[in-house]
Amino acid sequence: MARMYRVLGFWTLVIALMAFARELTEMSLLFFFQTAVFFLLGYLNFSERTYILMFWGYMILSFLGFTYWSVFKMGLPF
C-alpha cells in the first residue's frame with residue numbers, strides 16, 4: 001500500500017510539471033505540495049488500514065474543496 005502512495009506522488013508530479021509548463025502557477029504549486037505529501041507518506045510505512053483511512057480523508061477533503069470552488073468561487077453558468 002505504501003507503494004501506491006509513491007505512485008500517486010509520481011502522477012501528481014506529472015500533473016504539476018504539465019501545469020508548470022502551461023504557466024498555471026497556483027495549480028502547479030498545489031500539485032507539487034501533494035507530490036511531496038504523497039512521497040513522504042509513501043516512505044513512512046504505516047499499516048494498510050492507516051493508508052486506507054488517510055486516502056478516504058484525502059478524497060473527502062478534495063471533493064469538498066472541488067465542490068466549494070466550482071459552486072461558490074466560479075459562480076453559476078447562467
Side-chain angles (χ1 to χ4, degrees):
M1 192 67 184
R3 185 175 294 165
M4 289 311 298
Y5 271 77
R6 292 190 291 267
V7 170
L8 282 171
F10 169 75
W11 286 112
T12 54
L13 178 64
V14 169
I15 293 169
L17 290 173
M18 287 190 295
F20 188 71
R22 294 294 297 166
E23 297 178 2
L24 300 170
T25 309
E26 294 87 3
M27 180 180 168
S28 65
L29 290 175
L30 176 66
F31 276 88
F32 280 132
F33 175 73
Q34 288 181 20
T35 299
V37 169
F38 282 141
F39 276 127
L40 175 72
L41 291 174
Y43 284 106
L44 288 179
N45 293 326
F46 290 123
S47 68
E48 184 123 357
R49 180 184 171 124
T50 304
Y51 278 121
I52 295 292
L53 289 174
M54 284 190 301
F55 186 71
W56 272 97
Y58 169 73
M59 293 306 293
I60 289 170
L61 185 67
S62 64
F63 285 142
L64 285 174
F66 177 78
T67 303
Y68 170 77
W69 188 265
S70 62
V71 171
F72 296 111
K73 293 292 186 177
M74 291 180 70
L76 296 175
F78 47 85

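Positions are given from 1, in the same order as the sequence printed here. Remember, it's a predicted structure, so these values are computed and weren't measured experimentally.
Using a 4.5 Å cut-off between side-chain heavy atoms of Ile, Leu, Val, Met, Phe, Trp and Tyr, with links allowed through other members, Phe72 and Phe63 fall into different hydrophobic clusters. Under a hydrophobic-cluster definition in which Ile, Leu, Val, Met, Phe, Trp and Tyr are linked whenever side-chain heavy atoms come within less than 4.5 Å, directly or via other members, Leu13 and Leu30 are assigned to different clusters. Connection of Met59 to Met1 is established within a shared hydrophobic cluster, with ILVMFWY side chains joined at heavy-atom distances below 4.5 Å, either directly or through further cluster members. Both Met54 and Phe33 belong to a common hydrophobic cluster when Ile, Leu, Val, Met, Phe, Trp and Tyr are linked at side-chain heavy-atom distances under 4.5 angstrom. Note: the hydrophobic cluster containing Met74 does not contain Tyr68 (ILVMFWY, side chain heavy atoms under 4.5 Å, direct or indirect links).
Residues Thr12 and Phe31 come closest through the heavy atom pair O-CB, 3.7 Å. Across every non-hydrogen atom of Thr35 and Gly9, the tightest pair is CG2-O, 3.4 Å.
Proximity of a side-chain donor or acceptor of Tyr5 to a complementary backbone N or O of Phe55 within less than 3.5 Å is detected.
Sorted by first and then second residue, the side chain to side chain donor-acceptor pair (under 3.5 Å) pairs with a member in residues 51-64 read Gln34-Tyr58; sequence neighbours excluded.
The number of heavy-atom neighbours closer than 6.0 Å to CZ of Phe20, taken from other residues, nucleotides and ligands shown, is 12 or below.
Residues satisfying the side chain to side chain contact (heavy atoms under 4.5 Å, CB included) criterion with Phe10, sequence neighbours excluded, are Val14.
Residues Met18 and Leu24 fail the side-chain proximity criterion, which asks for heavy atoms closer than 4.5 Å.
Note that the OH atom of Tyr43 and the CZ atom of Arg6 stand 4.5 Å from one another [nearest 0.5 Å]. Distance CD/Glu48 to OG1/Thr50: 10.0 Å, rounded to 0.5 Å. With rounding to the nearest 0.5 angstrom, the CE atom of Met27 is 11.0 Å from the CZ atom of Phe32. Of the inter-residue distances, the one linking Ser28 atom OG with Arg22 atom CZ reads 13.0 Å to the nearest 0.5 angstrom.
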(message) side-chain contact (heavy atoms from CB on, under 4.5 Å), that's the test. Do Met4 and Leu8 meet it? Break it down for me.
(response) CA-CA 6 Å; Met4 289 311 298; Leu8 282 171; 5.7 Å; no
